[in-house]
Amino acid sequence: MEDSQFDVIIIGAGVMGSATAYYAAKRGLRTLLLEQFDFLHHCGSSHGESRTIRVTYTQKHYYPLVMESYNLWQEVEAQVGYQVYFKAQHFDMGPSHDPTIRSVVDYCQTYAIPFQLLRRRQVAEKFAGRIDIPEDWVGVSNEYGGVIKPSKAVAMFQTLAYKNGAVFVDKTKVVDIKKNKNGEGVEVFSASGKRFRGKKCVITVGAWMQKLVKTVSGVELPIVPVETHVCYWRIKEGEEGKFEIGTGFPTFASFGNTYIYGTPTLEFPGLIKVGVHGGNPCDPDKRPWGPAVMMEELKKWVGERFLGMVDSGEPVIKQSCMYSMTPDEDFVIDFLGGEFGKNVVIGGGFSGHGFKMAPVIGRILSELAIDGEAQGVDLKHFKIERFRITSKI
């Protein structure tokens with residue numbers, strides 16, 4: 001394999017790298033996917049049982065990416081033969097004066113997304129008494145919600161990439177990337193001394209992005225690894241069916257002092273997922289596996305919003321994963337530049353909200369690597385240059 005020349009080498013086999021491998025291999029390119037751990041590991045950001053997909057954002061540049069992703073998820077899952085995307089409504093809620101909830105309303109109006117703006121009594125009617133909000137809050141309901149099954153999704157992209165001829169190598173930690181001596185392409189080096197040659201390279205290493213990019217180029221991207229937790233709460237006996245997906249119970253986000261999100265019952269019967277968007281900075285190679293943040297606020301929220309139908313004493317399951325946070329929580333999708341020019345592409349800093357867009361991001365990264373540009377998207381918000389302006393990297 002070290003003597004082989006690949007068209008594209010993808011480093012990192014989470015959902016972004018696996019989606020990129022699929023779209024590259026689908027075009028008939030000789031594609032290599034490298035992973036430092038086992039495939040489908042639980043050490044990064046792409047494992048687990050559910051992720052929310054929603055169209056509502058405060059930043060308008062995400063609208064075309066999410067809308068394309070809805071279609072691509074369904075196209076890709078049709079090829080593999082099992083379901084990854086589960087449809088649901090979506091419900092945003094928060095204090096009526098909160099700028100985020102106001103931005104959500106403006107967003108829906110801008111893109112003509114059908115929505116309902118609901119007061120407390122209307123929320124109770126809409127969701128049959130399953131969700132309660134304070135009198136001075138409002139809710140925004142729309143049909144563009146849903147749940148993605150993450151581990152199944154990664155496996156789906158890997159299966160289809162393999163069927164299209166991609167080569168997979170796991171337990172191979174990349175420690176350096178160098179420009180090929182003849183000036184064409186790159187050479188990728190592993191910790192065990194292996195070398196892989198490719199015309200182009202895509203880096204999708206999640207929480208390890210800052211470390212690897214700094215080693216390779218000297219550029220220190222402000223992408224901070226954060227350890228976060230997903231919590232599952234027990235629904236009280238006799239109430240379980242009310243929170244199941246497919247019953248009209250939505251995926252949801254709650255704004256205000258604490259950003260809380262959740263999904264209907266799907267992966268664990270009798271449990272509902274509710275978590276806090278946030279966590280503590282960490283070294284991805286020295287994970288603290290510490291406690292969840294803002295647990296008291298989360299317990300209070302669960303107890304109040306679900307009218308006592310969910311046990312808010314303690315979550316019965318806590319799962320740890322990592323975010324890769326940028327200062328503005330926008331992604332980083334760009335060429336690394338410098339001596340590498342357009343031969344190295346980076347996709348990272350997905351800041352805890354990128355999974356839903358994995359299909360379109362995989363398409364974009366593969367096109368940047370192969371064609372030097374991506375079709376039908378404006379990537380100006382995701383450029384490295386924005387950090388140079390603010391932090392002089």
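If you read the sequence from its start, that first residue is 1, and numbering goes on from there.
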Worksheet item: Would Tyr85 and Gln74 satisfy side chain to side chain contact (heavy atoms under 4.5 Å, CB included), going step by step from the backbone distance to the final call?
Response: CA-CA 7 Å; Tyr85 161 61; Gln74 294 173 81; 3.8 Å; yes

Worksheet item: Val8 versus Val202: any side-chain heavy-atom pair under 4.5 Å?
Response: yes

Worksheet item: Rounded to the nearest 0.5 Å, how far does OG1 of Thr215 lie from CD of Glu220?
Response: 10.0 Å

Worksheet item: Aromatic rings Tyr63 and Tyr107: how do their planes relate, parallel, tilted or perpendicular, breaks at 30° and 60°?
Response: perpendicular

Practice prompt. Using atom types as modelled and distance alone, determine if a side-chain donor or acceptor of Lys236 lies under 3.5 Å from a backbone N or O of Gly308.
Written response: yes

Worksheet item: Would you say Asn280 and Glu227 make side-chain contact, with heavy atoms under 4.5 Å?
Response: no

Discussion item. For the CG atom of Asn142 and the SG atom of Cys108, what is their distance to the nearest 0.5 Å?
Written reply: 5.5 Å

Practice prompt. Applying side chain to side chain contact (heavy atoms under 4.5 Å, CB included), run through Val224 and Ser324 and close with a yes or a no.
Written response: CA-CA 5 Å; Val224 178; Ser324 303; over 6 Å; no

Discussion item. Would you say CZ of Arg120 has more than 12 non-hydrogen atoms from neighbouring residues, nucleotides or ligands within 6.0 angstrom?
Written reply: yes

Worksheet item: Picking from Lys318, Glu267, Glu49, what satisfies side-chain hydrogen bond (donor to acceptor under 3.5 Å, both in side chains) with Tyr232?
Response: Glu267

Worksheet item: Do Ile346 and Val213 come close enough that some side-chain heavy atom pair is under 4.5 Å?
Response: yes

Discussion item. Check whether Thr228 reaches the backbone of Cys321 with its side chain - one donor and one acceptor, N or O, closer than 3.5 Å.
Written reply: no

Practice prompt. Check whether the ring centres of Phe243 and Phe306 lie less than 6.0 Å apart, and answer yes or no.
Written response: yes

Worksheet item: Do Ser18 and Gln158 have a side chain donor and acceptor closer than 3.5 Å?
Response: yes

Discussion item. Salt bridge or not between Glu187 and Arg195? Use side-chain N to carboxylate O under 4.0 Å.
Written reply: yes

Practice prompt. Please examine the side chains of Met156 and Tyr82, heavy atoms only from C-beta on, and report whether any two atoms are closer than 4.5 Å.
Written response: yes

Worksheet item: Is it true that the side chains of Ser151 and His47 contain a donor and an acceptor less than 3.5 Å apart?
Response: no

Worksheet entry | Interatomic distance, Leu266 atom CG to Thr263 atom OG1 [nearest 0.5 angstrom] | 7.5 Å

Discussion item. Is the ring pair Phe157/Trp73 parallel, tilted or perpendicular, if the boundaries are 30 and 60 degrees?
Written reply: tilted

Worksheet item: For Gln116 and Lys126, does a side-chain donor sit closer than 3.5 Å to a side-chain acceptor?
Response: yes

Fill in: Over-ring placement of Arg51 relative to Phe355, 6.0 Å and 45° cut-offs
yes

Worksheet entry | Flag if over 12 foreign heavy atoms under 6.0 Å of CZ, Phe86 | yes

Worksheet item: Are more than 12 heavy atoms from other residues, nucleotides or ligands located less than 6.0 Å from atom CG of Asn257?
Response: no

Worksheet item: Between the side chains of His41 and Glu35, is a donor N or O closer than 3.5 angstrom to an acceptor N or O?
Response: yes

Worksheet item: Does the Gln210 side chain pair with the main chain of Leu221, one donor and one acceptor, at a distance under 3.5 Å?
Response: yes

Item to complete: Inspect the contact between Glu297 and Lys300 and indicate whether a charged nitrogen and a carboxylate oxygen are less than 4.0 angstrom apart.
Response: no

Worksheet item: Looking at Tyr57, does the NZ or CZ of Arg54 lie under 6.0 angstrom from its six-membered ring centre and within 45 degrees of the ring axis?
Response: yes

Discussion item. Any heavy-atom pair between the side chains of Lys211 and Val175 that's under 4.5 Å?
Written reply: no

Discussion item. Under the criterion ring-ring contact (aromatic ring centres under 6.0 Å, His included), I'd like the reasoning laid out for Phe6 against Phe196: C-alpha separation, chi angles, the key distance, then a yes or no.
Written reply: CA-CA 8 Å; Phe6 292 92; Phe196 306 95; 7.4 Å; no

Item to complete: Could you check if a side-chain atom of Ile10 sits within less than 4.5 angstrom of a side-chain atom of Leu32, using non-hydrogen atoms only?
Response: no

Worksheet item: Does the side chain of Arg287 pick up a donor-acceptor pair with the side chain of Ser320 at under 3.5 Å?
Response: yes

Worksheet item: Would Val310 end up clustered with Val123 when hydrophobic side chains under 4.5 Å apart are linked, directly or stepwise?
Response: yes

Practice prompt. Please determine if Arg119 forms a cation-pi arrangement with Trp137, meaning its NZ or CZ atom is less than 6.0 Å from the six-membered ring centre and no more than 45° off the ring axis.
Written response: no

Worksheet item: Around Lys87, counting heavy atoms of other residues, nucleotides and ligands shown, do more than 12 lie under 6.0 Å from its NZ?
Response: yes

Discussion item. Within the 4.5 Å heavy-atom criterion, are Val147 and Thr52 side-chain neighbours or not?
Written reply: no

Item to complete: Taking all heavy atoms of Ile53 and all of Thr251, pick out the closest pair and write down the distance.
Response: O-OG1, 4.5 Å

Discussion item. Quick one, Cys282 and Pro225 - any side-chain contact, counting heavy atoms below 4.5 Å?
Written reply: yes

Worksheet item: How far apart are the closest heavy atoms of Gly270 and Thr265, and which atoms are they?
Response: N-CG2, 3.8 Å

Item to complete: Give a yes or no answer on whether the side chain of Ser45 reaches the backbone of Met322 with a donor-acceptor pair at less than 3.5 Å.
Response: yes

Worksheet item: Is Ile9 linked to Phe37 within one hydrophobic cluster, defined over Ile, Leu, Val, Met, Phe, Trp and Tyr using a side-chain heavy-atom separation of less than 4.5 Å?
Response: yes

Worksheet item: Between Arg30 and Asp7, does at least one N-O distance fall below 4.0 Å, as a salt bridge requires?
Response: no

Discussion item. Less than 3.5 Å apart, any donor N or O on the side chain of Asp92 or Thr56 sitting next to an acceptor on the other?
Written reply: yes

Worksheet entry | side chain to side chain contact (heavy atoms under 4.5 Å, CB included) partner of Trp233, the single match among Val316, Leu298, Ile317, Asp311 | Leu298

Worksheet item: Side chains of Lys273 and Ser50: donor-acceptor distance under 3.5 Å anywhere?
Response: yes

Discussion item. Please tell me whether Leu118 and Ile133 are part of a single hydrophobic cluster in this structure, the criterion being side-chain heavy atoms less than 4.5 Å apart.
Written reply: yes

Response to the item:
So CD of Gln36 and CG of Leu34: to nearest 0.5 Å the spacing works out to 11.0 Å

Practice prompt. Tell me whether Ile131 is reachable from Ile272 by hopping between hydrophobic residues (I, L, V, M, F, W, Y) whose side-chain heavy atoms are closer than 4.5 Å.
Written response: yes

Worksheet item: Any side-chain donor-acceptor pair under 3.5 Å between Thr247 and Arg130?
Response: yes

Fill in: side chain to side chain contact (heavy atoms under 4.5 Å, CB included) evaluation trace for Gln375 with Glu367
CA-CA 8 Å; Gln375 296 298 314; Glu367 290 178 359; 3.8 Å; yes

Discussion item. Same cluster or not: Leu65 versus Tyr111, using hydrophobic residues (I, L, V, M, F, W, Y) connected whenever any side-chain heavy atoms lie under 4.5 Å apart?
Written reply: yes

Fill in: Sole residue of Tyr62, Phe331, Tyr323, Phe382 in ring-ring contact (aromatic ring centres under 6.0 Å, His included) with Phe350
Phe331

Worksheet item: Would one find more than 12 heavy atoms of other residues, nucleotides or ligands at under 6.0 Å from atom CD of Glu237?
Response: no

Item to complete: Decide whether Tyr70 and Glu75 meet the rule of one side-chain donor and one side-chain acceptor closer than 3.5 Å.
Response: no

Worksheet item: What closest approach, in Å, do Asp176 and Leu212 show between heavy atoms, and which atom pair accounts for it?
Response: N-CD1, 4.5 Å

Worksheet, complete the sentence: The ring-ring contact (aromatic ring centres under 6.0 Å, His included) partner of Phe91 among Phe252, Phe255, Phe127 is Phe127

Worksheet item: Side-chain donor-acceptor pair under 3.5 Å between Asp330 and His61, yes or no?
Response: yes

Discussion item. Between the side chains of Arg27 and Asp371, is the shortest nitrogen-to-carboxylate-oxygen separation below 4.0 Å, so that they form an ion pair?
Written reply: yes

